[in-house]
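Let me begin by presenting the structure, written as structure tokens, before commenting on it.
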Amino acid sequence: MSTIQEVQDEIISEFEILGDDKESTIYYIMELGDGLPEFPEAERVDENIIKGCQSKVWLTAHEVDGRVIFEADSNTDITKGLISLLVRVLSGRKPMEISNADLYFIDKIGMGNIIGSQRSNGLASMIKQMKFYALAFQAKQNA
Amino acid sequence: MPFTIESIREHFPVLHQEVHGKPLIYLDNAATTQKPKQVLEALNSYYANDNANIHRGAHALADRATRKYENTRTMVGDFINAKEEAEIIFTKGTTESINLVASTFGRKFIQKGDEVIISTMEHHSNIVPWQMLCEANGAVLRVIPISESGEIIFDEFEKLLSPRTKLVSIVHASNSLGTINPVKAIINRAHAVGAKVLLDGAQSTSHLEIDVQDLDCDFLAFSAHKLYGPTGLGVLYGKREILEQMPPYQGGGEMIKEVTFAKTTYNEIPFKFEAGTPNIADVIAFGEALNFISGLTKPLIKAHEDSLLAYAVELTSKIKGFIPIGTAKEKVSVLSFNINGMHPFDVGVMLDAKGIAVRTGHHCTQPLMQRFGIEGTVRASFAVYNTKSEVEKFAESVERIAKIKNK
């Protein structure tokens, strides 16, 4: 499995191919969302909604063999595409890797410019929640 | 000023730019209009030449600033045909104007068991102040339902009226739908049961000719920044006899006649409601915005905007998956819509990538969105400086976006 850094660098080079054209970048992000695994209907409940996002975002985390598996969904295609990037980078990793991860790819691919400042706050809430889950599993493992 | 769109656009520096490498097409005018050069120059010139605190200054600058400030008050009075300029109160915006009425007229004249009527299409700023009032004094809020096309159901409004009705506070033109409400008939019926009427004119004053004496409304609230003027400035018009009976809003300088520690007496209207140093520069610059509008004349502005809206409706009606929200017969130049299978936010971001500025979301009218069972809409709104070719580019872009989910 590639490291967090390797996956981020992969994403950065994919976005470099798209260049500065905002339109193609958005279409690409929306296509990425299609690649997210189907979100379990039973998990589509208010408790799994991330607060601070303008669009609806559902996120769950499960521990499998000491690794954190994230599942996520959104009611907007662009947000779904963004989540798919976070899932690609963080899902299936050890809790400590996730909580320590420096997610530099978000700035590098110019996410703030793509989704605007208000939605960037939503993205920050999403990351915070993923790291929070990781810390909780970490604490459980250490207990 | 000759009425060619090109010459009008020359007055708006902000329109001549690219966003994301595409020429800006600004269709978010219901949120705020852009400002003509005259307004920008007036702001600059005030601070460069005239800056002084107004009223009571014993020097030339204060006198000049006062005259210019009060001159705008007169212009606003003329703009809405108020009987006298003392009926014009400057506020921070429509929201503050409504809050002022809720806090003063509301506290004094609306008691437990009395009723305030609003409609389903109100902006939160014409819902929440009344909810707060009702919560504080036990009055009851009644809501006029609307039809599928986004029009008030007049029979239902009439059924809500009773001697308990103390105020009808209603939007003149809906910010989310564009619907122009039959306010003259509403005012008429409300007065028949002894109720007063507040018109939220935030969206109507830039498009429609407003004559408060002919309408006979008791209050009119609107914002300068939707009228090609500066942000942070609004107007409350009120009939003299009502304003005089209302207690002051905020306490402080300017609003007093005499202060002693034993008792304070209050100034005359409108000063009674303008505590503290007002927004002098923006008021003066707003005068230039009003000059700009009266130079073009409202009927010409409306005719142009109506033709843009009609063209946009015509072009978008052919788009597969295009769902218009709000199809009232009488509308200001607002086109609210959704695309089948798409979230309004996604549509908005994709339009932005094309250089097209629209607004997405609930537009501060969540109960209205609930009425239509939607989360939000995409809203394009047209102003005097928009062009047919911009409408075409907008429609083409919407069509391309809609195709993603509607093949």
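All chains are named by letter (A, B, ...) in the order of the sequence lines, taking the proteins before the strands, and each is independently numbered beginning at 1.
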(Q) Counting only heavy atoms not in Glu14(A) (residues, nucleotides, ligands), do more than 12 fall under 6.0 Å from its CD? (A)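 Enclosed.
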**Q.** Whether over 12 other heavy atoms sit under 6.0 Å from Asn142(A) CG
**A.**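 Yes.
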(Q) Less than 4.5 Å apart, side chain to side chain, heavy atoms only: is that true for Asn75(A) and Glu375(B)? (A)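 In contact.
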Q) Is chain B contacted by the side chain of Asp20(A), its backbone, both, or neither, given a heavy-atom distance below 4.5 Å? A)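 Neither part.
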Q.
Less than 4.5 Å to any heavy atom of chain B: does that hold for the side chain of Ile26(A), its backbone, both, or neither?
A.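 For Ile26(A), the side chain is the part near chain B, not the backbone.
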Q) How long is the span from the CG atom in Asp77(A) to the NE2 atom in His343(B), to the nearest 0.5 Å? A)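 Going from CG on Asp77(A) over to NE2 on His343(B), the span is 9.5 Å.
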(Q) Nearest 0.5 angstrom please: Ile78(A) CD1 to Met350(B) CE, how far? (A)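 Those atoms lie 5.5 Å apart.
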Donor-acceptor list for residues 127-140 of chain A side chains, cut-off 3.5 Å, not counting sequence neighbours:
from      : atom 1 : to        : atom 2 : distance (Å)
Lys131(A) : NZ     : Ala101(A) : O      : 2.5
Gln138(A) : OE1    : Ser99(A)  : OG     : 2.8

Contacts with chain A made by [range] (heavy-atom distance under 4.5 Å), listed by residue number:
| range | result |
| --- | --- |
| residues 352-373 of chain B | Asp352(B), Ala353(B), Lys354(B), Thr360(B) |
| residues 12-28 of chain B | His20(B), Lys22(B) |
| residues 394-404 of chain B | Arg400(B), Ile401(B), Ile404(B) |

